[in-house]
Amino acid sequence: MTEQTPARVDMEKIVSLCQRRGFIFPSSEIYGGLSSCWDYGPLGVELKRNIKQAWWRAAVQERDDMVGLDASILMHPQTWEASGHLKGFSDPLVECKSCHLRWRADELAGSSCPSCGGELTEPRLFNLMFKTFMGPVEEDASVVYLRPETAQGMFVNFQNVLDTARKRLPFGIAQIGKAFRNEITTGNFIFRSREFEQMEIEFFVKPESDKEWFDYWLKERFNWYVKLGIKKENLKLRQHMKKELAHYAKDCYDIDYLFPMGWAELEGIANRGNFDLVQHAKYSGKNLSYFDEETNEHIIPYIIEPSAGVDRSALAFLCDAYDEDLAEGELRVLLHLHPDLAPIKVAVLPLSRREKLVALAKQIYADLRQCWMVSYDDAQSIGRRYRRQDEIGTPFCITIDFQSLEDEQVTIRERDSLNQIRVPIKELKTVLTAKLSGERFDTQPLWTAKG
Ligand code: ATP
């Protein structure tokens, strides 16, 4: 958390909404919760799935230079020797309580944070990796670690992918998965937890083209957040200072987001040089080079790594979408979530519980569920039901009224503008598909009652 810019939304409001509406709960809450672990409820799991799907679509599905991977969480312990995690994280560490930079206690001259002057935690011999044992015997030889990042799975599979996916440089491997870090300090809701999910790309390039691809990925990743609705003014790129750079990095930028507690890292984009493949080749004794047919040479590719957090993205999307306004003279809370991210895309709301209306509404509900996550709600006044949907970011509500029984049309109401259009039931799927893909929602009805 760097400079202090006034927060636009209190974290308490986000936490309260998440708990109240079933996005996110403290882990094992009935036992008093488990520090910095969180459970995603019925709406949270949809939001997270949508974030991952949007990322996968941009990173893998729509590209021909990228393939996916799902490596296991437990890896051969030598992986962590080669990567530097075993050694790198076994120093006496102190962490600054305000900017969260970590320092080796034995290398510090003073007693406060060299970067911002903040108070430091007590030094501890600390390895951020969670340790466990493989098999029935708890002895040193059976120690394994929960991965602290998904990246290593992609490095150790470099040759496997190269041999099977028929890719030439430049190409990338993408992966989404859980990572675990025994963080010294946690907090700020899901911003920093001990179990979290990452969405990482390892993009392998010819050494001389590293800068070009580094710049490319900075723009690409920044724009991904903007396309999904995050306001540009709440995002910024921040280059790491030399002393901040991780041991493997040649260059690194963070995409920072203006969270309620201030600017903080949302995603890191690093130029890792050839560090990882060189290290894994050395420790495994395997050849991890690439044969360049243009120059007839074996080379060790450089790696550009955009590394994002699913949970931090979820928090950023929620904070950015949060809003309060006046609708029909009443205060309403709403989430302006991008339709691709909204947990529920459409809500079906019959105006009354009269049998004939319910039958038609249920039929529409069953039909739309084939395509999207749809919610059905017939409890309380229509105004209350609209508010409930606005608060969870549902882009469209469909109202079925008595007129619908006669003219076979229903009303679609849009969350942000409150505009309404009347649409024939048989056109509903087509219209919703277009609207969910971003087609304008004009006040002018597309169809009138009599066609
Ligand atoms: P920080 O400086 O905030 O601890 P980091 O620089 O250690 O983060 P990276 O190693 O670059 O993080 O991890 C890449 C991404 O993974 C981060 O940008 C973040 O989105 C996510 N991430 C890392 N650690 C955590 C955590 N403890 N909780 C939630 N997300 C995390």
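Predicted model, so just to flag it, every value in this text is computed and none were measured. Counting convention: from 1, in listed order, for ligands and their atoms alike. These values consider heavy atoms only, across backbone and side chains, with no hydrogens, waters or symmetry-generated copies.
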Check your understanding: Can you check ring-ring contact (aromatic ring centres under 6.0 Å, His included) on F317 and H338, steps first, answer last?
Key -> CA-CA 9 Å; F317 285 123; H338 188 284; 8.8 Å; no
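Put simply, the residue from K52, R49, R312, K178 that forms a salt bridge (Lys or Arg N to Asp or Glu O under 4.0 Å) with E197 is K52. Of the candidates R415, R413, R385, R384, D390 forms a salt bridge (Lys or Arg N to Asp or Glu O under 4.0 Å) with just one, namely R413.
The shortest contact between atom 18 (O) of ligand 1 and any protein heavy atom is with E265 OE2, 2.6 Å. Looking from atom 1 (P) of ligand 1 to the surrounding protein, the closest heavy atom is R192 NH1, 3.4 Å. With respect to atom 22 (N) of ligand 1, the closest heavy atom belonging to the protein is F196 CE1, 3.5 Å. At the shortest separation from atom 29 (C) of ligand 1 among protein heavy atoms lies F191 O, 3.2 Å. The protein non-hydrogen atom at the shortest distance from atom 19 (C) of ligand 1 is R312 NH1, 3.5 Å. In this structure, atom 28 (N) of ligand 1 lies nearest to the protein heavy atom S193 N, 3.0 Å. Of the protein's non-hydrogen atoms, G309 CA, 3.8 Å is the one closest to atom 21 (C) of ligand 1. With respect to atom 15 (C) of ligand 1, the closest heavy atom belonging to the protein is S307 O, 3.6 Å.
The distance from ligand 1 to the heavy atoms of L266 drops below 4.0 Å at these ligand atoms: 18 (O), 20 (O). Here is the list of ligand 1 atoms found below 4.0 Å of a heavy atom in Q198: 13 (O), 14 (C), 15 (C), 16 (O). Those atoms of ligand 1 that come under 4.0 Å of a heavy atom in E183, given as number and element, are 24 (N), 26 (C), 27 (N). For ligand 1, the atoms sitting less than 4.0 Å from at least one non-hydrogen atom of G268 are 18 (O), numbered in the order shown with element in parentheses.
A salt bridge links R238 with D254: at least one charged nitrogen is closer than 4.0 Å to a carboxylate oxygen. E414 and K435 are not joined by a salt bridge, as no carboxylate oxygen comes within less than 4.0 angstrom of a charged side-chain nitrogen. For the pair E62 and R57, the salt-bridge criterion is met [side-chain N within less than 4.0 Å of a carboxylate O]. The pair D65-K167 does not count as a salt bridge, with every side-chain nitrogen at least 4.0 angstrom from each carboxylate oxygen.
Residue contact check for ligand 1: R181 places a non-hydrogen atom closer than 4.0 Å to it. Residue D311 places every heavy atom at 4.0 Å or more from ligand 1. Residue contacts with ligand 1: H100 is excluded, as none of its non-hydrogen atoms falls under 4.0 Å.
Using the six-membered ring where Trp is involved, F259 and F191 have ring planes that are perpendicular, over 60° apart on the 30 and 60° scheme.
Using a 4.5 Å heavy-atom threshold, the side chains of W372 and L436 count as touching.
Both tests do not hold together for R168 against F171: distance to the six-membered ring centre under 6.0 Å, angle to the ring axis within 45°.
The part of E267 lying near ligand 1 is the backbone, judged by heavy-atom distances below 4.0 Å.
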